[in-house]
Every structure is written in C-alpha cells, then in structure tokens.
Number of protein chains: 2
Amino acid sequence: MSARYLQIASELRLAVDRGEYPIGSLLPSEGELAARYGVARGTVRQAVALLEREGVVTHRQGARRTVVGAVPTQSFAEMQSFSMWAVSQGHVPSARVLHKEVRRVTGADVERLNAPLGEEVLDLRRVRLLDGVAVMVERTLYAGILAEHVLAMELTEGSITERLTESGFVYAHADHRIDAVSAGVVEAELLGVRRGSALLRQRRVTTSPSGVALEWSDDRYRADAVTITVRNSMSENTLARLSARGPGRARQVARPGPVGSSVGVF
Amino acid sequence: MSARYLQIASELRLAVDRGEYPIGSLLPSEGELAARYGVARGTVRQAVALLEREGVVTHRQGARRTVVGAVPTQSFAEMQSFSMWAVSQGHVPSARVLHKEVRRVTGADVERLNAPLGEEVLDLRRVRLLDGVAVMVERTLYAGILAEHVLAMELTEGSITERLTESGFVYAHADHRIDAVSAGVVEAELLGVRRGSALLRQRRVTTSPSGVALEWSDDRYRADAVTITVRNSMSENTLARLSARGPGRARQVARPGPVGSSVGVF
DNA sequence: AAGTGGTCTAGACCACGTA
DNA sequence: ACGTGGTCTAGACCACTTC
C-alpha cells in the first residue's frame, strides 16, 4: 500500500479534476483535512506540498490554498523517452537508425553534449517518427555500462529507456538545455523540411541516483511537431535562461555572429 | 531572521560549492546533521529536501544522499523579467517600444497567448536589447489591474516587473510554452537576422498567488542569444513535451503542414 | 544486523492574511 | 482578533541499502 499522504494527494487531485474544488476556489484548511482523513497535520502538509509542486494549488502564508488547476505535466520517464511519451499521447512511435558505433568521446562531443572526454560510449543516431512521419533527429551517447545492453536491442521500435529500466538501470535526474537551431542540409532532408528552417533543439544529460551520467543526447524537433512546457513558481524554480555564449558575467553576446546559417552535418 | 532550515540549506550549499562535499560523495546522515546543527531531524529533512529540489543532491531510500553538483538555476523573478535576468548576468538591458495600446482581448490573442477573450488588457510590444544589441521581440498583455501602473512607467529601461512588485503585485506562478519558430519579415528586420531563420519562442502566462493571471507574453529570441535550461528528477517533474497541434490523443501530427514558412507579422 | 531515509504522530509557537 | 499556514520538536516504526 502506498503512503497515506500519496493517497490523500490523489484524492484531492481527483476532487479538483471532478470540479469539487473549482479553479480559483480555496482548499479546506490543513486542520480540517487532517480531521477529515484522520491523520496528523504533517501528513496533510506532505500531500498538499506535493500538489503544490505539481502546480495544482498555490500557497500564501496565512491564507488558505487556492486551486489553480490541473496541469499537463508528465512523468519523468515520459519526458526522458520519446517512445514512452508518444505512446502516452496516443501516437505510434518508431525509429530509423542512421549510425551506430562504440567509440570514445571526442572534443566535438564535449562541446555538443557536455560528455566527458575519452569516455567509452555507444553513439547512436536515429530519425524518430510519430505515426510514420519524421519529426525528430536524435543523437544519443550511451555510457559504456549501457552499451552492450543497447546493442543487443531492436532499435527501430519500442523504448530503449524502458528496456534499460527493466534491466535495472535507474534514471533519476536530467538536465535539459533548450534552444532553437536552423536545419542543416542533412537534417532538412531527414525531416522533410526546408534547409535553414527552425528546429527545436533539446540537449539532455541524464544521471543515475548516484550521480553517474548514463546518457547524453541531442534531439532536434521539427518546429511544428512539439512544444515543451514548464511550470514554475516562486517557491520552486528549476528553470534558467542562459546567454548562449557562456554563463554570464561576460560581454560575449555583445556582437553576435550571423544567424540563420546551417548548423552543419548532424 | 530566516528559518533555520534555510540557514542549514545555505550552509550545505556553500559547503558543496567549496568542495567540502565533492560531486559524487555522500552527504552526512540526517541524524548526524541534526546533531551537528542542534535541531530535530525534521528540520534537517526540510533543508535537504530543498537542496534536492534544487538538484544539488539526490536521494535513495536506505542510502545516504549523493552530491550531484551545483546548478545554475535562477530565482523566479529572474526568470520572469528580462531586465532582472540581464542585470544578474552582467549585461545591460534596454528596450524600444513598438506598440502600446489598451484594448480588449481578441480571438487572435486567445490562440497566441491563451488570454481570456474580452478581458481588458494593455498590449505592449517591444524589442529588447542586451548591451545595445537586439536579441528578442516581446509582446506582453498586462491584465487590466496592472495597465495604469505600466502606462505610467518609463518603458525603455528598467524592469517593469520589478516596479510592479514594488507596487505590491506578487507573481507566484508561471506556465511556459517553449518552441521554435521561423522569423517573419518584421521580426527579421527588428532582430537583424535573415527572414526564416530560427527563433526560440517562449510563451508565458504568469499568475498571482490567488491564481489570477497577471500577464500573457510571447517572447522570441534570436537563436544564438539564449538557451533555456531545466533540471528535473524522478521525484520532481514540472516538464512536459506536447504535440504542437493539440494535447495528444489525436492524429493531428500525422500530416504536418509546411515548415519554415513565415509566422506572419509579430 | 546495522545504518539510513521514508512516513507518521501530537503537540507547540510564530508570522501572516483577512475581516 | 482569529484563522491559517510556516516552522520546529521528540519520538516512533517501517522499508530499503549496505555490509
């Protein structure tokens, strides 16, 4: 049986979805909820803290919590895996392999993917399709410990992440860097768009619970295929906006180079 | 004086930055920290929970927490305000006003900005500059209650958000939708890039603690000017990836339209 | 088996918002 | 002034990891 505070959070979440607590209305007080569910106030606080992190309610010290609505956040796994995401959205995902190679991390990888120089990795490049339409080109470097597992898999369908999870690898953390790039010749061809058109790029480093990096990836989406959403709040911010040419304190944006040029071969 | 758990979190964060707890090392146990700081274990748990949400440490039930490193997250205010962000990064922000008008929300706004039809708003469009270079075009709709305050301000420098905060308006929540678009003729001209080149678009709805929307905005950055970063974890996810043409369950991506076309007049 | 984090209790006092 | 959330205590038991 799951923890009591998770049950309470679920019940409250459902009640919000059902419209029992309409958007803009106030949640009952912690004391009242504690009495209603027969638990200590601390347990209720765990439940509402969870809803707050999910963006369902807000807090203002001294006043009751306000319902701000249900949010379309996804599980960590769905954010990590294109396949799992696609299935959860009712689409049929697939892939076409472009390149597959075990090698060591080079200088170019360090810059592009933040991967540590010299590490042995599996370099996998694929085109990803949604209901048969190419929407993304991805390049993923899998850490050495994952390489043999991935190499043994069918790579054109199903979720690599899901199968790695079943093999006992746990993904715990991910850092995402999101920006826009222009499609190069190769990408334009693969995605069926014009050269130079806008792509949404998501670069990601995923780590295990003990902090070991498992994957470095560079995904480039057709601009019309996806939108990434983030919700943040005063009490909770995992977002940052960075100058593209270095983390601040410098004048590096003072004279930007030409924009709209090709980003080269993917 | 700030809360004890915040002090403890700060001390631990500094200790990590100083290298006292190197990346990959284990944090002392909760019991030990409680003894060291002379507080109850619950207080220590509040502190480490904060560090966990910030992405500094991970958790694994039964094992000590692992240090995964310091992260460049920004305050909520810095994410909300271009000016405050720029200053914090060591740049000089400024703005040029393109359009300023009090009017009612139209159908086009609803689609573009998720604003409620018919609401009275201040429509402000500006070009934003970093150290004198145009890097972003923004369109912001300010809720009626903010309009008179904003109209009374100097709009070419300084932070509107900051001044509204000083006037007592509190920003508590923000929903961000991030994608890539191609520069239209007007945007290309304003930003000094080629027509059709990639822009990073960030659309945002900001709400007060009581859930009332204060601002709807559409910011379009030169692709070479900024990167947005997000950190998420298994226990904490505020991220979602959406099909651009509706929230899933549909076949709407099956036959995407032409990509790379102009997005029209900003 | 021992250590550690996860959950929960029952109570206390303080800071803030509302009226 | 009162209600409500924010913080903190001291102790308990369980689930999981590690040895």
Side-chain angles (χ1 to χ4, degrees), chain A residues 1-12 21 24-53 56-68 168-170 172-173 208-212 233-236, chain B residues 1-12 21 24-53 56-68 168-170 172-173 208-212 233-236:
Chain A
M1 202 48 195
S2 71
R4 192 77 183 93
Y5 79 92
L6 292 175
Q7 298 170 25
I8 294 172
S10 292
E11 289 191 38
L12 290 173
Y21 302 116
S25 68
L26 299 177
L27 221 57
S29 73
E30 295 176 358
E32 190 184 325
L33 289 172
R36 182 183 308 179
Y37 290 110
V39 299
R41 194 179 142 218
T43 304
V44 168
R45 280 182 64 78
Q46 280 186 285
V48 294
L50 181 59
L51 296 181
E52 213 170 300
R53 290 199 298 272
V56 176
V57 298
T58 56
H59 73 125
R60 304 133 69 198
Q61 168 163 150
R64 300 243 281 262
R65 287 185 173 75
T66 306
V67 177
V68 295
F169 293 100
V170 180
H173 251 80
S208 73
S210 58
V212 178
S233 64
M234 222 161 38
S235 59
E236 183 74 24
Chain B
M1 202 50 191
S2 72
R4 192 78 183 94
Y5 80 90
L6 292 175
Q7 298 170 24
I8 295 173
S10 292
E11 290 191 39
L12 290 173
Y21 301 116
S25 69
L26 300 177
L27 221 55
S29 73
E30 294 176 359
E32 190 183 325
L33 289 172
R36 182 182 308 177
Y37 291 108
V39 299
R41 195 179 141 218
T43 304
V44 167
R45 280 182 65 78
Q46 280 186 283
V48 295
L50 181 58
L51 296 181
E52 212 170 301
R53 289 200 298 273
V56 176
V57 299
T58 57
H59 72 124
R60 299 135 69 201
Q61 166 160 154
R64 300 242 283 263
R65 287 183 172 76
T66 306
V67 177
V68 295
F169 293 102
V170 180
H173 251 81
S208 73
S210 58
V212 177
S233 64
M234 222 161 39
S235 58
E236 183 72 26

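Below, chains carry the letters A, B, ... as their sequence lines are ordered, and counting in each starts from 1.
Considering every non-hydrogen atom in both A/S208 and A/A172, the closest pair reads C-CB, 3.7 Å.
Every side-chain hydrogen bond (donor to acceptor under 3.5 Å, both in side chains) that A/T66 has, sequence neighbours left out, goes to A/R60. The side-chain hydrogen bond (donor to acceptor under 3.5 Å, both in side chains) test applied to B/S29 returns no partner, not counting sequence neighbours. Take A/R53 and apply the salt bridge (charged side-chain N to carboxylate O under 4.0 Å, His left out) test, not counting sequence neighbours, and it matches B/E236. Residues forming a side chain to side chain contact (heavy atoms under 4.5 Å, CB included) with B/A35 (at least two apart in sequence, or on another chain): none. With sequence neighbours excluded, the residues that form a side chain to side chain contact (heavy atoms under 4.5 Å, CB included) with B/A9 are B/R13, B/A47, B/L50, B/L51. Under the rule for a side chain to side chain contact (heavy atoms under 4.5 Å, CB included), the partners of B/R45 that lie at least two apart in sequence or sit in another chain are B/E30, B/R41, B/R65. Every residue meeting the side chain to side chain contact (heavy atoms under 4.5 Å, CB included) condition with B/R4, not counting sequence neighbours, appears here in chain and number order: B/Q7, B/I8, B/Y37, B/V39, B/T43. Applying the salt bridge (charged side-chain N to carboxylate O under 4.0 Å, His left out) rule to B/E32 yields the partners B/R36; only residues at least two apart in sequence or on another chain are considered.
The distance between atom CG of A/L50 and atom P of C/dT7, rounded to the nearest whole Å, is 10 Å. To the nearest angstrom, P of D/dG6 lies 10 Å from CD of B/Q46. The CZ atom of B/R65 sits 14 Å away from the P atom of D/dT17 (whole-angstrom rounding). If you take NE2 of B/H59 and C1' of D/dT17, they are 14 Å apart, rounded to a whole angstrom. Rounded to whole angstrom, the span from the CD atom of B/E30 across to the C1' atom of C/dG5 amounts to 5 Å. For B/L51 and C/dG5, the CG to P distance is 13 Å, given to the nearest whole Å. Rounding to whole angstrom units, CZ of residue A/R45 and P of C/dT7 are separated by 16 Å.
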Hey, what are the protein-to-nucleotides 9-11 of chain D N/O distances that come in under 3.5 Å?
from, atom 1, to, atom 2, distance (Å)
D/dT9, OP2, B/A40, N, 2.6
D/dT9, OP2, B/T43, OG1, 2.5

Atom pairs, N/O to N/O, protein against nucleotides 15-19 of chain C, distance under 3.5 Å?
from, atom 1, to, atom 2, distance (Å)
C/dA15, N3, A/Q61, OE1, 3.3
C/dC16, O4', A/Q61, OE1, 3.2
C/dT18, OP1, A/R60, NH2, 2.6

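Remark on the helix from C/dA1-D/dT18 to C/dT18-D/dA1: inter-end axis angle 20°, axes from five-pair C1' superpositions, rounded to 10°.
Contact annotation: B/R64 side-chain N/O to C/dG6 OP1/OP2 distance is not under 4.0 Å.
With a 4.5 Å cut-off on side-chain heavy atoms, A/E52 and A/V57 count as touching.
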List the steps, then state whether side chain to side chain contact (heavy atoms under 4.5 Å, CB included) holds for A/V56 with A/L12.
-> CA-CA 10 Å; A/V56 176; A/L12 290 173; over 6 Å; no
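Annotation: of the two residues near DNA chain C, B/L27 and A/Y5, the 5′-most nearest-nucleotide partner is B/L27.
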